[in-house]
Amino acid sequence: MLKKIEYSRLCFLIIPIAVFVFSLIMTGDFFFTLMFTTWLTMAVHYLRHPNENVVILSFLAALFTFLMGREVIYQFTGVCEYLMFDDVSSNRHTFISITIALLFSAFGYSYFKKRDKNMPYRKRLKCQRYNMGGMVNELRVVSKLVFYFTYIFYFIRLIIEIINIRNVGYVESYQNGMGASVPWIVDKLQIFCPAAFFVFLATFPKKREARLPIILYLVYNVGTLLTGQRFPVMAAAFFVLIYFSIRNRCGEVWLKKKYVIILVICAPFVLIGLYVFDSIRTGKGFQLNGLFSGVTDFFSMQGSSINPIKYGYHLRDIIPDRAYGISSIMSNILNQGGSGNTLEYAYNGHSFAAIMTCFVYGEDMYLAGHGIGTSYIAELYHDLSYIGIAAGSFLYGYVMDKINQIHYSKPIKSTFFMLMVSPLLFAPRGEFDGIIGVAFRRGTLVAVIMIAVAAKVLHITNGFEFVRHILLSIKKNQQSIDVNGD
């Protein structure tokens, strides 16, 4: 056993050093090599215990896909059919920024993970006892019923969005938004659906009871592909993987090894499928020259999110002096985001994606619905320089640890951490504060509070006993009718 541990540590030391030397020889770029080696070292380290580190591994996969994949392919092969912004100082800044983000997310994750391991046993036992008792049963029933009811409206809104995009086009749909085409009652009730789903999962239901809600959740997110979006289905898959891994750690078997093997085998084909889908969505032609070519083309196409970091540094002197790291809070919580692409929103709002699109693509392209996107790293650098990247990434490390420990939290707290999974994984190509703005948007807060209040009323009034007596009475009456009939 000791020899196995020593061999593992030796490999952990040798692999990064070998990769660093190989990358430096191949690319001649020290800062790119440092970034790539840092990412690979973290991936190898956390893969030693994948079930315990599934959240940060998912984040590393998302960061590589959105920020590093295109650059890695370009640096090692010199080939990339997509536009490469190749300013030397901007490249160096980008590689340094990503390295800082990686290191401080690892520091934050490791610090809070170690602190959680030192959590007193009685505190863990208290949380586990609460999750087995309290009003958890009421929360589970109420949230499940709300989910099933509001899922109808959730799906209706998706159908309306699909029809709208088919009529006006994917890019054109960003010009004016689509809120006006959704009936008011549908728009309000559909907000309850995802909130109820996460509350339900936060009560840790049995596998059989959770199967149908999870299937419906995945069906909806697969349906979003018809709106031209790729990320929702990827985020849903990652979330299910994370949740199943956490349930595995609770002594249950939710994710079998054979399923993991199947996922690994299918991954390249899924990536190729998403590449083909993206080409069709944007009206571009595509040509597949084998499995490897399809995978590299996928990462080349997805890696455009590195450009906001480069352009943000290159244009730093002309970007308005506004706080862009609070854009999600402003739009989702304070309702100051506006609808559609307008110049007022671009120049006087807090959207880094909007202002960068105006500078890089031009105002006409922005108004036509095109966008360069954003990245939490670019926003943090603009607001607080490299210190901002370090502090924000350390916060992300804390969030990743808390998501990883939801089985030691009470259901409502766990609900909000689960709501943070999608914006956290989207952060490499999204807003820094999405973990707050999305998880705590007003509609979600209202939905969670109403579900909790309903569960509390049931708990106080012993509503389950009342319902049980009614059902027993009905059953007895039915039995007496059957006897009399015989």
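What's counted below: heavy atoms across the whole structure, side chains too, no hydrogens, waters or symmetry copies.
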Aromatic contact between [X] and [Y], with the criterion being ring centroids under 6.0 Å apart: yes or no?
X: Phe59; Y: Phe238; answer: no
X: Phe197; Y: Tyr151; answer: no
X: Phe112; Y: Tyr398; answer: yes
X: Phe359; Y: His314; answer: no
X: Tyr109; Y: Tyr46; answer: yes
X: Phe426; Y: Phe231; answer: yes
X: Phe32; Y: Phe95; answer: yes
X: Tyr313; Y: His382; answer: no
X: Tyr386; Y: Tyr381; answer: yes
X: Phe36; Y: Phe76; answer: yes

Task: Qualifying residues under side-chain hydrogen bond (donor to acceptor under 3.5 Å, both in side chains), relative to Arg247, sequence neighbours excluded - done: Tyr243, Glu252
TODO: Decide yes or no for Ser327 and Asp433: does some side-chain heavy atom of the first lie under 4.5 Å from some side-chain heavy atom of the second?
DONE: yes
Task: Side-chain heavy-atom pair Ser393, Tyr376 within 4.5 angstrom cut-off - done: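 Ser393 vs Tyr376: side chains touch.
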- [ ] Show the numbers, then the answer: is there a side-chain hydrogen bond (donor to acceptor under 3.5 Å, both in side chains) between Glu431 and Thr374?
- [x] CA-CA 7 Å; Glu431 300 152 321; Thr374 185; over 6 Å; no
Open item on the list: Does either side chain, that of Asn91 or that of Lys310, offer a donor lying less than 3.5 Å from an acceptor on the other one?
Closed with: yes
Open item on the list: Apply side-chain hydrogen bond (donor to acceptor under 3.5 Å, both in side chains) to residues Asn307 and Ser305 and explain how you reach the verdict.
Closed with: CA-CA 5 Å; Asn307 285 331; Ser305 298; over 6 Å; no
Open item on the list: Assess the residue pair His350 and Tyr345 against the criterion (side-chain hydrogen bond (donor to acceptor under 3.5 Å, both in side chains)); give the C-alpha distance rounded to whole Å, side-chain angles, the decisive distance to 0.1 Å, and a yes or no.
Closed with: CA-CA 8 Å; His350 296 270; Tyr345 174 58; over 6 Å; no
Open item on the list: Go through it in stages, so that I can follow the logic: the residues are Phe440 and Phe416, the test is ring pair (Phe, Tyr, Trp, His ring centres under 6.0 Å), and I'd like the CA-CA distance, side-chain angles, deciding distance and then a yes or no.
Closed with: CA-CA 8 Å; Phe440 294 94; Phe416 287 107; 4.7 Å; yes
